[in-house]
Amino acid sequence: QVQLVESGGGLVQAGGSLRLSCAAPGTIFSVNAMGWYRQAPGKQRELVAVITKSGNTDYADSVKGRFTISRDNAKNTVYLQMNSLKPEDTAVYYCNADIIPRRYSDVVRYWGQGTQVTVSS
């Protein structure tokens with residue numbers, strides 16, 4: 001079973017910054033797209049940002065200009081730099097990754113365990 005390990009959440013004041021990290025095991029064959037989602041209380045999970053293996057990115061309109069997604073392919077790790085945080089960014093943030101576990105395997109989407117981000121006003 002592939003596990004994605006997230007870190008970097010916490011409590012921050014409005015206007016502050018946080019950086020989230022999510023690492024996939026080094027023993028897997030390949031990682032395709034990686035992304036971040038978030039889920040606030042009482043709301044559906046929503047896409048925050050996604051990055052392809054070649055580095056193409058896409059963002060939710062609500063975070064454009066404030067958040068930056070990046071990845072280190074050598075470390076199978078994706079990052080989310082969050083600046084100018086707002087109270088409405090408060091949510092549990094989940095990473096995901098489209099992974100080929102072994103050569104000739106199908107692509108499987110795996111999820112991290114989630115990390116809480118709380119932005120106080």
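Bear in mind the structure is a predicted one, so any value in this text is a computation, not a measurement.
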- OG (Ser121) and CD (Gln13) are apart, to the nearest 0.5 Å, by 9.5 Å
- Message: Per the salt bridge (Lys or Arg N to Asp or Glu O under 4.0 Å) rule, what does the pair list look like for residues 92-120, sequence neighbours excluded?
- Response: Asp98-Arg109
- Query: Heavy-atom distance under 4.5 Å between the side chains of Val119 and Val117, does that happen here?
  - Reply: yes
- Message: Has Tyr59 got a side-chain atom pairing as donor or acceptor with Ile69's backbone, closer than 3.5 angstrom?
- Response: yes
- Message: Rounded to the nearest 0.5 Å, what separates atom CZ in Arg19 from atom OG in Ser70?
- Response: 6.0 Å
- Query: Would you say Val12 and Val92 are hydrophobically clustered, going by side-chain heavy atoms of ILVMFWY under 4.5 Å?
  - Reply: no
- Message: Give me the atom names and distance for the closest heavy-atom approach of Leu18 to Gly8.
- Response: CD2-O, 3.9 Å
- Item | Backbone N/O of Thr68 and side chain of Gln81: donor-acceptor pair under 3.5 Å | no
- Taking every non-hydrogen atom, the tightest pair across Gln113 and Tyr94: O-CE2, 3.8 Å
- Query: What are the two closest heavy atoms between Leu4 and Cys22, and how far apart are they?
  - Reply: CB-SG, 3.8 Å
- Task: Would you list the pairs meeting salt bridge (Lys or Arg N to Asp or Glu O under 4.0 Å) in which at least one residue belongs to residues 37-47, sequence neighbours left out?
- Result: Arg38-Glu46, Arg38-Asp89
- Task: Could you work out the complete set of other residues in the hydrophobic cluster of Phe29, with links drawn between I, L, V, M, F, W and Y side chains under 4.5 Å apart?
- Result: Ile100, Val107
- Message: To the nearest 0.5 Å, what is the distance between CH2 on Trp36 and CG on Leu47?
- Response: 12.5 Å
- Query: Among Val63, Asp58, Leu20, whose side-chain contact (heavy atoms from CB on, under 4.5 Å) with Val48 holds?
  - Reply: Val63
- Message: For the CD atom on Glu88, are there more than 12 heavy atoms of other groups (residues, nucleotides or ligands in this structure) within a distance under 6.0 Å?
- Response: yes
- Query: Relative to the ring of Tyr93, is the ring of Phe67 parallel (under 30°), tilted (30 to 60°) or perpendicular (over 60°)?
  - Reply: tilted
- Item | Test applied, side-chain contact (heavy atoms from CB on, under 4.5 Å); reference residue, Val2; option that passes from Val31, Val108, Ile28 | Ile28
- Task: Report the distance from atom CG of Asn56 to atom CD1 of Ile51, rounding to the nearest 0.5 Å.
- Result: 8.0 Å
- Query: Looking at Ser17 and Ser84, what are the two nearest heavy atoms and their distance?
  - Reply: OG-N, 4.4 Å
- Item | Heavy-atom pair with the smallest gap, counting every atom of Leu85 and Arg66 | CA-NH1, 3.9 Å
- Separation between CG (Asp72) and CE (Met34), nearest 0.5 Å, reads 10.0 Å
